[in-house]
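By convention in this document, chain letters (A, B, ...) are assigned in the order of the sequence lines, proteins followed by strands, and residues within each chain are numbered from 1. Computed over heavy atoms, backbone and side chain alike; hydrogens, waters and symmetry mates excluded.
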Amino acid sequence: MLDARQLRGDPDGVARNLARRGYRLDIGRFSELEKRRKDAQVAVDALRNERNSRSRTIGQAKSQGQDIAPLLAEVESLGARLDGAERAMSALQAELDALLLDLPNLLHDSVPDGGDESANVEIRRHGEPRRMDFETRDHVAIAESLDGLDLAAAGRISGARFAVLTGPLASLHRALAQFMLDLHQREHGYREAYVPYLVSRATLTGTGQLPKFEQELFKLARGESDPELFLIPTAEVPLTNLAGDRIFEAAQLPLKLVAHTPCFRSEAGSHGKDTRGLIRQHQFDKVELVQIVRPAESYQALEELTGHAARVLELLELPYRVVALCAGDTGFGSAKTYDLEVWLPGQGKYREISSCSNCEAFQARRMLARWRNPEVGKPEPVHTLNGSGVAVGRALVAVLENYQQADGSVQVPSVLRPYLGGLARITAA
RNA sequence: GGAGAGGUGGCAGAGCGGUUGAAUGCACCGGUCUUGAAAACCGGCAGCUCCUCACGGGGCUCGUGAGUUCGAAUCUCACCCUCUCCGCCA
């Protein structure tokens with residue numbers, strides 16, 4: 001959520017910033033609504049003030065044993081007037097809230113212009129794609145020939161966009177997650193967390209998935225009277241919300257959290273995209289990094305967090321590049337995002353494997369995550385960051401494709417071998 | 001699932017129809033004292049929001065929502081959550 005004060009104080013500046021995303025802010029409608037809301041608020045406050053002071057008078061009169069009947073008569077019509085005014089105000093407030101919750105975050109000045117991913121800017125590359133003097137195969141061909149991937153079975157069990165992994169490939173998948181978790185927890189200073197995979201509407205509103213992107217979520221169908229629950233689309237949701245409704249002391253920040261969870265996405269609107277293999281699934285695992293930081297430190301933290309995610313790829317010896325997302329490609333809640341793209345020989349291109357964002361105070365305002373700034377004394381919103389460190393399914397794809405051998409086997413990256421009992425090579429049974 | 005208890009400020013914990021947005025303690029901030037620190041003492045200290053250049057003032061919030069009342073943290077109802085005991089169970 002944007003700072004309403006900023007929106008009021010500098011509507012043109014806000015509109016200009018949002019226009020970079022291609023979002024057209026209807027300033028007229030906003031300020032009209034805001035003005036009516038304010039008038040309604042003033043009216044309601046005045047009526048309430050009158051009611052309160054009259055009631056106080058009645059209380060005093062009664063305690064002195066005076067007759068309060070005439071005082072009660074004076075107050076008779078107040079209730080109805082107040083009721084009407086309150087109804088008008090809450091209708092306006094609801095409309096305004098809906099509008100505010102639909103606005104994307106403001107972009108940081110350093111975000112490059114551009115409407116779609118073609119305008120993203122490469123920041124740096126790391127590692128050289130391996131030269132393969134044999135016919136390179138994609139991860140589906142490799143995994144199926146190793147008898148480790150059964151998409152047909154997944155289709156029968158659940159439907160499209162699900163996968164079944166078996167044998168050493170299932171173990172490799174597990175080893176990847178374990179390796180990442182250990183790395184972040186032991187070397188990068190994150191606190192490991194185990195969190196719920198089902199969360200409430202309020203929680204998803206806090207991180208910005210709701211109310212706007214409900215069609216991308218899986219929602220549990222239960223009885224009318226049961227509380228709503230949604231499957232998490234990323235561990236960012238439960239992890240970041242751990243800071244919600246809290247006021248941190250300065251010394252408690254930064255708070256750095258890591259979790260390995262499955263993620264569930266309906267992938268509405270992505271029909272026809274990445275239909276082959278493990279790239280785009282309804283269910284996939286991800287190790288997620290979240291930082292809750294002091295506002296002045298959030299851009300430094302973004303660089304560090306991106307480095308933590310990149311470190312995973314470096315230790316796995318996978319070639320990758322870092323890309324700064326352009327205005328039009330930056331997500332709803334983010335002020336600035338770096339993507340890590342890993343080299344996939346099977347596709348002959350770099351593909352997203354991590355996305356690291358600074359949401360500044362956007363999520364913090366929604367979920368009331370605050371800290372006590374010693375220089376101000378009053379609570380202020382914290383800044384929140386999140387990044388994949390990294391997507392496990394896509395890491396498996398990258399390992400299979402980059403470590404494939406001419407004979408059809410796959411070498412195991414050395415950092416993963418301890419997790420697999422020393423296994424160095426996966427071969428067909 | 002059954003029975004009971006409870007949800008109040010950063011934390012602990014009073015209040016149980018009327019000058020209570022809330023006693024007290026701890027924590028925190030400022031000051032006195034001290035070479036410095038601690039202790040002691042003095043003072044300050046919930047959040048959101050509206051009006052005002054400011055001084056200051058108003059409104060809302062005691063789990064959430066509805067209700068009773070001139071007036072609700074306090075009474076009623078529903079829901080959510082936590083704890084204890086019993087049952088069931090990975």
Checklist entry - Paired with B/A54: which nucleotide, if any, by Watson-Crick or G-U wobble criteria at under 3.5 Å for both distances? => result none
Checklist entry - When you compare B/A73 with B/G21, how far apart are their P atoms, in angstrom units rounded to a whole number? => result 8 Å
Next on the checklist: With a 3.5 Å limit on both atom pairs, tell me what B/G65 is paired to, counting Watson-Crick and G-U wobble, or say none.
Outcome noted: B/C77
Item to check | Pair A/Y197 + A/F264: ring centers closer than 6.0 Å | outcome: no
Item to check | Interatomic distance at P, B/C16 relative to B/C86, whole Å | outcome: 34 Å
Checklist entry - At under 4.0 Å between heavy atoms, what does A/K62 touch on the DNA or RNA strands: base, sugar-phosphate, or nothing? => result base
Next on the checklist: Looking at A/K219 and A/F230, would you say the former's side chain and the latter's main chain have a donor-acceptor pair under 3.5 Å?
Outcome noted: no
Item to check | Atom P, compared across B/C42 and B/U52: separation rounded to whole Å | outcome: 41 Å
Item to check | Nucleotides bounding contact with chain A, strand RNA chain B, heavy-atom threshold 4.0 Å | outcome: B/G10 to B/G71
Next on the checklist: Both distances below 3.5 Å, Watson-Crick or wobble geometry, any strand: find the nucleotide opposite B/C26.
Outcome noted: B/G10
Next on the checklist: Would the distance check show the side chain of A/R21 and the main-chain N or O of A/T330 forming a donor-acceptor pair, the cut-off being under 3.5 Å?
Outcome noted: yes
Item to check | Which residue lies more 5' along RNA chain B, comparing A/I247 with A/E380 via nearest heavy atoms | outcome: A/I247
Next on the checklist: Are A/F213 and A/F332 an aromatic pair, judged by ring center distance below 6.0 Å?
Outcome noted: yes
Next on the checklist: Could you go through A/Y194 and A/H260, starting from their C-alpha distance and side-chain angles, then the distance that decides it, and tell me whether this counts as ring pair (Phe, Tyr, Trp, His ring centres under 6.0 Å)?
Outcome noted: CA-CA 8 Å; A/Y194 171 79; A/H260 164 220; 9.9 Å; no
Next on the checklist: Evaluate A/N386 against A/S357 for side chain to side chain donor-acceptor pair (under 3.5 Å), listing each step before the verdict.
Outcome noted: CA-CA 5 Å; A/N386 64 78; A/S357 300; 4.6 Å; no
Checklist entry - If you measure from the P atom in B/A39 to the same atom in B/C29, how many Å do you get, rounded? => result 12 Å
Next on the checklist: Taking only the P atom of each, what is the distance from B/G57 to B/C79 in whole angstrom?
Outcome noted: 43 Å
Next on the checklist: Under 4.0 Å, heavy atoms only, any strand: does A/R56 hit a base, just the sugar-phosphate, or nothing?
Outcome noted: nothing
Item to check | Under 3.5 Å: donor-acceptor pair, side chain of A/N120, backbone of A/L325 | outcome: no
Checklist outcome for this item: Across every strand shown, the nucleotide meeting Watson-Crick or G-U wobble geometry with B/C41 (both distances under 3.5 Å) is B/G31
Checklist entry - Taking the C1' atom of each, how far is B/G67 from B/C50, in whole Å? => result 28 Å
Checklist entry - Between B/C45 and B/G31, how far is it from one C1' atom to the other, in whole Å? => result 15 Å
Checklist entry - Touch check for A/R201, heavy atoms < 4.0 angstrom, all strands: base, sugar-phosphate only, or nothing? => result nothing
Item to check | Near-ring test A/F362/A/H383, centroid separation under 6.0 angstrom | outcome: no
Next on the checklist: Using a 4.0 Å heavy-atom cut-off, does A/R5 contact any base of the nucleic acid, only the sugar-phosphate backbone, or nothing at all?
Outcome noted: sugar-phosphate
Item to check | Separation between the C1' atoms of B/U68 and B/C77, rounded to whole Å | outcome: 11 Å
Checklist entry - Relative to the 5' end of RNA chain B, which residue comes earlier, A/V75 or A/P379, by the nucleotide with the nearest heavy atom? => result A/P379
Next on the checklist: Students often get this wrong, so: under 4.0 angstrom with heavy atoms, is A/R246 touching a base, only sugar-phosphate, or nothing?
Outcome noted: nothing
Checklist outcome for this item: Re B/C83: Watson-Crick or G-U wobble partner, both distances kept under 3.5 Å, found to be B/G4
